[in-house]
Amino acid sequence: MLGAKRSTLFKSIFLQSLILMTLSVSIALFLSVWGIRLFKVLAEGRLPLVNSLAVDSTLVIVAIILCIALAYIFSVITARLVNYKTLNTQMQNSGKGGVSQVSGRTVRILIGSQMFVAALLVSFSVMVVSKAMGTINRPLGSDTENLYFANLFQPNNQMSLAERYEHMLQYKQVLLDSQGIDDVALGHSPVSQRQNANTLTDVNGKSSIFFPSQWVGPDYFALVNTKILAGRTFSEQAIRGETNEILVSVSVAENLLPSQDYRNIIGKSYQGLEEKMYEVVGVTEDFNHPKYYDESFGRHIWWPATPYSYMFTIKATDGVKLTNKQILNTLKEKNSDLTMWQFNDLQQEYDNLLYMSRLTVVLCSTLALFTLLLAAIGIFGVLSYNLGLRRYEFGIRMALGAKKARLFKLMSVEAIIPVLIGFAVALAAVMVSFYMLQGQLMSWLVLDVRLQLLAWSITLCIALFACFRPLVLLLKAKPMAALRND
């Protein structure tokens, strides 16, 4: 606009910024509404208060205020970047873009800051993904496929433990004789949303930390493929309640006997349930609960499954799906007074335990990719705009015979160096913050060097591509086309 004042230019810039921000906020709110609906479907029943998530009027009002505020801030910054003397010189040069209105320093700051933010977000997203992938890929220490847990009890049961044990063996045989069942073991699998915990006290009266625990029978470990690394499984006397025996995992043995071989714990006695002394008869591999691993680190105690109730871990035939009603009806043929207290599909339980980790991988990977896309678009946009202003300059250089290598070198000062600086500062910030806050962050983040190197390499390659792409497009044009702004 000829003769326009600075205030007039500011209003024009503000109007354009407001229109763009309004479109951006509208798209963001639309995606938020559908994103929240999708998240509710995916996380319902697995996260507390998930149904309370919504895009309400308060959020919309805040979005409108931010929209106006950001449009104003962008307009102020843009208006101050306009060099009116340069603009006047350009107009006197017939508007051929002889001089760039945006300083090289401003371009470098914009590129470096976008690279810094992108690298920072990608790094922390990859740390979250690494933590979730570690949970998913960590060996459980137990099989879950085709396995079910059934817990039954008989009201007003006045039998002794020895009598209950005999009845439990009879119920086990009934299940083994049933179609679709390959094997049955006594005991309760720890693959569940909740866990029990107990302490052990040595003969000197020193009490241990709380260890996760579960009640199982002598045949449980073979059925679920949990390896006994030393010692033996429970005796029948322990299941009847005649002797007090326990098995512990390797990590429990190492915690109770630090700086000693875990096998040395065999034969030692500790005070446990009901203040009774229990002899350690075996050491198993660790049980790595997906939900509580950061608290237990594979530590686990195995108590003998005395038959106060009738607990069975059942292995179904491949392709057969067992049901609560099927198991209960089968056992009621032996004892009609039995009632089903609990029935779980262990594979489904395990999948539920890993569900949030798998969802985290998807969401954080999407966030990292989206961040890279925005960074690439931002860098490409800044350089394209800058090259557009300097198109006439590059056209003259090309017409005078400047080689492509020379032009690439010229661009590297304004593009590649800021990208590398922003990238290096982001990596330094990530490393320093991670090691300073490692104790607080270890439950949420894991620094996987190989995965980080891959992510950093991809981030850097995408940024460099966004740097050189605008120049490649310009160099493909003929010098006269560049001079004509075609």
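Since the model is a prediction, treat every value here as computed from it, not as a measurement.
A pairwise comparison of heavy atoms in Gly217 and Thr233 identifies O-OG1, 4.2 Å as the closest pair. Nearest heavy atoms, Ile327 versus Ala150: CG2-CB, 4.2 Å. The minimum heavy-atom distance between Gly298 and Asn288, with the atom names listed, is CA-OD1, 3.4 Å. The shortest heavy-atom contact between Ile228 and Phe221 is CD1-CD1, 4.0 Å. The two atoms that bring Phe211 and Leu256 nearest to each other are CE1-CD2, 4.0 Å, heavy atoms only. Listed here is the closest heavy atom pair of Val283 and Ser249: CG1-C, 4.0 Å.
In this structure, Arg358 contributes its side chain and Tyr355 its backbone to no donor-acceptor pair below 3.5 Å. Distance alone, capped at 3.5 Å, places no donor-acceptor pair between the Ser207 side chain and the Thr201 backbone. A donor-acceptor contact shorter than 3.5 Å links the side chain of Ser433 to the backbone of Val430. A donor-acceptor pair is defined here as one N or O able to donate and one able to accept, closer than 3.5 Å; no such pair exists between the side chain of Asn204 and the backbone of Lys206.
Around atom OH of Tyr72, no more than 12 heavy atoms belonging to other residues, nucleotides or ligands sit under 6.0 Å away. For Phe297, the CZ atom sits in a packed shell: over 12 heavy atoms of surrounding residues, nucleotides or ligands are nearer than 6.0 Å.
Between Ser125 and Thr371, the closest side-chain pair of non-hydrogen atoms is not below 4.5 Å. Side-chain contact between Pro212 and Asn196 is absent, with no heavy atoms from C-beta onward closer than 4.5 Å. The shortest side-chain heavy-atom distance between Phe343 and Asn151 does not fall under the 4.5 Å cut-off. Using a 4.5 Å heavy-atom cutoff, the side chains of Asn352 and Gln193 are in contact. Looking at Ile246 and Val281, their side chains never come closer than 4.5 Å, going by heavy atoms from C-beta outward. Looking only at side-chain heavy atoms (C-beta outward), Ile181 and Val184 come within less than 4.5 Å of each other. Between Leu66 and Val25, the closest side-chain pair of non-hydrogen atoms is not below 4.5 Å. Taking the side chain as every heavy atom from C-beta outward, Lys325 and Met340 never approach each other to under 4.5 Å.
Judged by the 6.0 Å distance and 45° axis criteria, Arg164 is not positioned over the aromatic ring of Tyr308.
Taking the six-membered ring where tryptophan is involved, the planes of Tyr292 and His289 are tilted, since the angle between them lies from 30° to 60°.
Distance CG/Leu328 to OG1/Thr339: 7.0 Å, rounded to 0.5 Å. Interatomic distance, Phe210 CZ to Leu200 CG, rounded to the nearest 0.5 Å: 10.5 Å. A distance of 12.5 Å separates CZ in Phe124 from SG in Cys364, rounded to the nearest 0.5 Å. Separation of atoms CG (Asn225) and OH (Tyr220) is listed at 11.0 Å; rounding is to 0.5 Å. Residue His300 holds its NE2 atom at 12.0 Å from OG of Ser251, rounded to the nearest 0.5 Å. One distance of note links OG1 of Thr284 with CD1 of Ile301; it measures 11.0 Å at 0.5 Å rounding.
Checked against Lys131 for a side chain to side chain donor-acceptor pair (under 3.5 Å), the options Thr360, Asp294, Asp448 give a single hit: Asp294.
Using modelled atom types and a 3.5 Å distance limit, the side chains of Gln347 and Asp351 yield a donor-acceptor pair. Using a 3.5 Å distance cut-off with no hydrogens or angles, the side chains of Ser213 and Trp302 do not pair a donor with an acceptor. Under the 3.5 Å distance criterion, with hydrogens and angles disregarded, a donor-acceptor pair is assigned to the side chains of Trp456 and Ser123. With hydrogens and angles left out, the side-chain atoms of Glu245 and Ser235 include a donor and acceptor closer than 3.5 Å.
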Between Ser269 and Val280, does the side-chain contact (heavy atoms from CB on, under 4.5 Å) criterion hold? Intermediate values first, please. CA-CA 6 Å; Ser269 295; Val280 179; over 6 Å; no
Under the side-chain contact (heavy atoms from CB on, under 4.5 Å) criterion, do Met127 and Val446 qualify, and how do the steps go? CA-CA 5 Å; Met127 287 185 186; Val446 168; over 6 Å; no
Check step by step if salt bridge (charged side-chain N to carboxylate O under 4.0 Å, His left out) holds for Asp202 and Lys268. CA-CA 9 Å; Asp202 62 19; Lys268 295 188 180 297; over 6 Å; no
Apply side-chain contact (heavy atoms from CB on, under 4.5 Å) to Leu346 and Thr313, showing your working. CA-CA 9 Å; Leu346 296 186; Thr313 300; 4.3 Å; yes
Does the pair Thr306 and Ile239 meet the rule for a side-chain contact (heavy atoms from CB on, under 4.5 Å), with working shown? CA-CA 5 Å; Thr306 48; Ile239 305 301; 5.7 Å; no
Could you go step by step and tell me if Asp345 and Lys321 meet the salt bridge (charged side-chain N to carboxylate O under 4.0 Å, His left out) rule? CA-CA 9 Å; Asp345 181 338; Lys321 186 172 181 62; 3.3 Å; yes
Under 3.5 Å, which donor-acceptor pairs link side chains of residues 165-175 to any protein atom two or more places apart or in another chain?
unit_1	atom_1	unit_2	atom_2	d
His167	ND1	Glu163	O	2.9
Tyr171	OH	Asn335	ND2	2.8
Lys172	NZ	Asp219	OD2	2.4
Gln173	NE2	Asp177	OD1	3.1

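Screening residues 231-285 for ring pair (Phe, Tyr, Trp, His ring centres under 6.0 Å) gives Tyr278-Trp303 as the qualifying pairs, with residues at least two apart or on separate chains.
Two rings, from Phe149 and His188, have their centers less than 6.0 Å apart.
By the 4.0 Å N-to-carboxylate-O rule, Lys315 lies too far from Asp143 to be salt-bridged with it.
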